[in-house]
Amino acid sequence: MASVSNTVSMMGVGHSKPLQPKKNPISDDYRITGSVLGLGINGKVVECYSRATQDKYALKVLRDVPKARREVDLHFRACQGCQHIVKINDVYENNYSGQRCLLVVMECMEGGELFTRIQERADSAFTEREAASVISDITKAIAHLHASNIAHRDLKPENLLYSRKDEKGILKLTDFGFAKEINTFKSLQTPCYTPYYVAPEVLGPEKYDKSCDMWSLGVIMYILLCGYPPFYSNHGATISPGMKKRIRNGQYEFPNPEWSQVSPDAKELIRGLLKTDPDHRLTITEVLQHKWIADRTTVPQTLLMSAQVLKEEGDVWIAVQEEMTNALATMRVDYDQCVNIKNLHDSNNHLLKKRMKRDSQEGEAMTT
Ligand code: I85
């Protein structure tokens with residue numbers, strides 16, 4: 001059985017050719033049960049079993065459109081060589097209830113979502129040192145992506161899953177539905193456009209996409225340490241004008257009693273990640289070097305209140321997740337616009353300069 005993972009070594013990682021999905025019916029190789037594991041916005045995830053090994057897998061069904069191709073391609077490349085990204089086992093291109101579909105067979109993450117797991121720790125002391133270890137794992141996943149010039153752009157609690165229910169479970173990142181490849185110079189090396197008409201996002205800069213992941217990491221770290229998010233609406237799940245304003249102004253606090261025992265190092269790292277200006281926000285390399293991550297084995301073993309808060313506020317959690325989803329959508333749009341504006345100002349456009357020079361000369365001529 002030649003699985004996708006066998007073809008990877010031949011293609012190499014990084015500059016691999018686009019993934020070639022298998023064309024045979026998935027039912028040749030897998031038995032799909034009706035059991036739904038999760039519902040994403042662009043596809044559901046169901047349980048399936050390998051006919052060869054009887055092992056359980058998770059199957060994501062996507063309509064075969066270019067966006068889905070990009071998702072699968074980026075996820076497939078990203079999951080090579082990082083144990084904190086959900087592995088893709090096989091990809092099929094099949095007709096599925098009359099539509100062309102991409103069927104992505106992933107390793108099954110049986111341990112469920114990160115924060116469900118933390119909630120269950122309400123009676124067993126979840127410590128700051130353990131939180132540092134969780135954030136370190138997420139940091140490793142993002143570092144791997146950013147080093148491969150991929151921004152995830154949808155880093156949120158529901159996309160962080162444990163491989164197993166027991167302590168041996170490994171935390172992994174999934175869902176590359178909004179992932180973006182950045183800083184690739186292929187279009188510059190072989191120009192297929194007239195430079196005058198090139199869209200700014202083709203030229204970069206790339207760091208705004210990466211900084212989106214850093215902000216998300218800050219929010220996740222904040223929640224992990226206290227059980228509630230740094231920014232939230234005062235009413236309901238939809239992102240309110242007030243919440244938007246607080247996010248834009250960086251208005252958040254470390255309220256007591258939840259934060260009174262949390263180390264200054266942890267707070268310093270959060271401040272670096274939740275900087276309003278993406279230019280001032282920490283990069284993933286700086287997070288890896290921060291002492292709370294680099295020296296995480298010496299982080300105090302203080303008992304955190306997050307597990308308790310998450311358990312007690314269980315009914316608010318849905319709203320918190322929706323807010324993060326909305327905030328991420330807003331940020332992806334805002335940063336795209338930000339890139340456009342920046343490029344307009346920074347552009348070294350000699351035609352524009354010539355015109356500006358001519359205009360100013362004409363202006364001078366008119367006044368004389
Ligand atoms: N296993 N965002 C929330 C799930 N194994 N899940 C989501 N996008 C994806 C679902 C909706 C993430 O790309 C998602 C994606 C991929 C998965 C995924 C991948 C691999 C799983 C949308 C489970 C699972 C399996 C057994 C038990 C349990 C969960 O979700 C639980 F512990 F919850 F009972």
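Indexing begins at 1, ligand by ligand and atom by atom, following the structure's order. No experiment lies behind these values; they were computed from the predicted model shown.
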Query - Of Glu47, Glu71, Glu107, the residue whose pairing with Lys60 passes salt bridge (Lys or Arg N to Asp or Glu O under 4.0 Å) - result: Glu71
Query raised in the report: For atom 13 (O) of ligand 1, is the nearest protein heavy atom under 4.0 Å away?
Result: yes
Who's the nearest protein heavy-atom neighbour of [atom], and how far?
atom	answer
atom 27 (C) of ligand 1	Glu110 O, 3.8 Å
atom 11 (C) of ligand 1	Leu39 O, 3.3 Å
atom 2 (N) of ligand 1	Asn159 OD1, 3.0 Å
atom 5 (N) of ligand 1	Met109 N, 2.9 Å
atom 31 (C) of ligand 1	Gly112 CA, 4.0 Å

Query raised in the report: At a non-hydrogen distance cut-off of under 4.0 Å, which region of Glu158 contacts ligand 1 (side chain, backbone, both, or neither)?
Result: both
Query raised in the report: Do Glu258 side-chain atoms and Met305 backbone N/O form a donor-acceptor pair below 3.5 Å?
Result: no
[X] versus ligand 1: do any nitrogen or oxygen atoms come within less than 3.5 Å of each other?
X	answer
Lys60	yes
Asp175	yes
Lys165	no

Heavy-atom contacts with [X] under 4.0 Å: which atoms of ligand 1 show up? List them by number with element.
X	answer
Glu107	5 (N), 20 (C)
Cys108	5 (N), 25 (C)
Thr174	13 (O), 15 (C), 16 (C)

**Report entry** Within one Ile-Leu-Val-Met-Phe-Trp-Tyr cluster: Leu39 and Ile32, side-chain cutoff 4.5 Å
**Finding:** yes
Query - Co-membership, hydrophobic cluster, residues Leu288 and Met214, 4.5 Å side-chain - result: no
**Report entry** Heavy-atom side-chain proximity of Glu128 to Gln301 below 4.5 angstrom
**Finding:** no
Requested in this report: Begin with the C-alpha distance, continue with both residues' side-chain angles, and end with the deciding distance and a verdict on side chain to side chain contact (heavy atoms under 4.5 Å, CB included) for Leu310 and Phe115.
Outcome: CA-CA 8 Å; Leu310 284 165; Phe115 283 92; 3.6 Å; yes
Query raised in the report: Any cation-pi pair here, Lys67 with Phe178, using under 6.0 Å and within 45°?
Result: yes
Query - Quiz item: cation-pi between Arg246 and Tyr252, 6.0 Å / 45° - result: no
Requested in this report: Determine, considering heavy atoms only, which of Leu161, Leu37, Leu59 sits nearest to atom 4 (C) of ligand 1.
Outcome: Leu161
Query raised in the report: After noting the C-alpha distance and the side-chain angles of Ile293 and Ser136, does the key distance pass the side chain to side chain contact (heavy atoms under 4.5 Å, CB included) rule?
Result: CA-CA 6 Å; Ile293 296 296; Ser136 168; 4.3 Å; yes
